[in-house]
K.L.:
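Starting off with a structure, shown below.
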Amino acid sequence: MYLFKRVDQLREFLSSARTNNRTVGFIPTMGALHDGHLSLIKRSLAENQVTVASIFVNPTQFNEASDLQKYPRTPGKDLELLAKVGCTVAFLPEVSDMYPPGLDTSLSLDFGGLDQSMEGEKRPGHFDGVAQVVKRLLDIVSPEFLYMGQKDYQQQLIVRSMVQQLNISTTVITVPTVREADGLAMSSRNVRLTPELREGATILHQTLEGAREKLSQGESIDRIEKWAIQALSQPKFQPEYFTIANADTLQPIPANDPLPERIVACTAVWADDVRLIDNLMLAGQL
Ligand code: PAF
């Protein structure tokens with residue numbers, strides 16, 4: 001596996017690697033890699049000749065300094081995992097190279113409401129930071145395919161919208177969430193859960209599954225959302241939101257309207273001081 005820490009080194013490598021119609025698949029990460037990330041990398045390896053994974057804890061997408069500081073960092077282990085799955089290139093840039101003085105990386109995009117609810121509402125500025133770093137990384141890597149995880153459902157819609165608005169020639173592929181045996185979505189934050197919280201955290205997936213069942217039985221969305229908030233309110237667990245929405249626009253579904261073909265439920269829950277998110281398609285495919 002090649003390891004690059006500087007933008008110019010990676011660019012030089014890719015310009016020579018890109019010959020003979022080879023395609024490049026790219027997976028942006030913030031490290032603390034787990035099987036969820038590895039599933040994106042394996043998918044890219046199966047579909048491209050060159051797979052680039054970046055590890056960069058992007059300061060501009062954290063709206064709370066303490067969250068940035070507490071974010072798990074395990075670069076040694078991450079590199080081992082990437083090498084083991086056969087990733088072609090690991091890219092670990094410095095902040096100064098990603099955001100060099102004089103380079104304007106700001107964006108002014110209209111996400112058509114995709115960024116207004118849920119994570120966008122609870123973490124002001126978060127999606128501006130995500131769009132900024134993903135745009136910068138796409139400028140550097142210019143991949144044919146960009147692999148994003150379903151676990152951050154709203155994020156992958158925002159990135160799709162950015163790619164479309166800026167007419168970037170990359171195809172975004174969303175890869176299904178990888179779960180632990182008991183249903184908990186894999187997340188870099190899971191390592192911060194105590195054994196007790198880890199056990200209780202299955203409530204997120206159970207509640208999402210419960211919501212899917214209730215919707216299929218004709219229960220109203222409003223009642224399901226209220227039921228879910230109650231179900232998630234357990235000792236040491238505090239739901240921030242449980243939202244059922246149109247899976248393409250993330251707009252709420254009015255009570256008397258026919259149901260859209262694709263419906264998603266998304267939730268964020270505090271497990272003590274660890275913030276967990278998860279989602280499930282309640283109708284239609286990913
Ligand atoms: O999902 C993440 O880990 C980050 O938001 C991303 C896409 C790597 C951008 O920093």
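Throughout, numbering of the chain's residues begins at 1 and tracks the sequence. Numbering of ligands and ligand atoms starts at 1, following listing order.
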K.L.:
What about the rings of Tyr71 and Phe62, do their centers lie closer together than 6.0 Å?
P.N.:
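Ring centroids of Tyr71 and Phe62 are less than 6.0 Å from each other.
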
K.L.:
For atom 3 (O) of ligand 1, find the nearest protein heavy atom and state the residue, atom name and distance (0.1 Å precision).
P.N.:
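For atom 3 (O) of ligand 1, the nearest protein heavy atom comes out as Met30 CG, 3.6 Å.
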
K.L.:
Considering only the protein, which heavy-atom contact is closest to atom 10 (O) of ligand 1, and what is its distance?
P.N.:
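Looking at atom 10 (O) of ligand 1, the protein heavy atom closest to it is Gln61 OE1, 2.6 Å.
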
K.L.:
Going by an N to O cut-off under 4.0 Å, is there a salt bridge joining Arg192 and Asp272?
P.N.:
no

K.L.:
Write out the residue and atom name of the closest protein heavy atom to atom 5 (O) of ligand 1, then the distance separating them to 0.1 Å.
P.N.:
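The closest one turns out to be Gln155 OE1, 2.7 Å.
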
K.L.:
Any carboxylate oxygen within less than 4.0 angstrom of a Lys/Arg side-chain nitrogen, looking at Lys77 and Glu80?
P.N.:
no

K.L.:
Give yes if a backbone or side-chain nitrogen or oxygen of Asn58 is under 3.5 Å from a nitrogen or oxygen of ligand 1, and no if not.
P.N.:
no

K.L.:
Would you say the ring centroid of Phe13 lies under 6.0 angstrom from that of Phe4?
P.N.:
yes

K.L.:
Using a 4.0 Å heavy-atom cut-off, say whether Val159 meets ligand 1 through its side chain, its backbone, both or neither.
P.N.:
neither

K.L.:
Going by the order shown, which atoms of ligand 1 are within less than 4.0 Å of some heavy atom of Val133?
P.N.:
9 (C), 10 (O)

K.L.:
Using a 4.5 Å cut-off on heavy atoms from C-beta on, say whether the side chain of Ile173 contacts that of Arg43.
P.N.:
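Yes, at least one pair of side-chain atoms sits under 4.5 Å.
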
K.L.:
Which atoms of ligand 1 have any heavy atom of Pro28 under 4.0 Å away?
P.N.:
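This gives 8 (C) as the contact atoms.
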
K.L.:
side-chain hydrogen bond (donor to acceptor under 3.5 Å, both in side chains), that's the test. Do Glu119 and Tyr241 meet it? Break it down for me.
P.N.:
CA-CA 9 Å; Glu119 296 304 290; Tyr241 62 79; 2.4 Å; yes

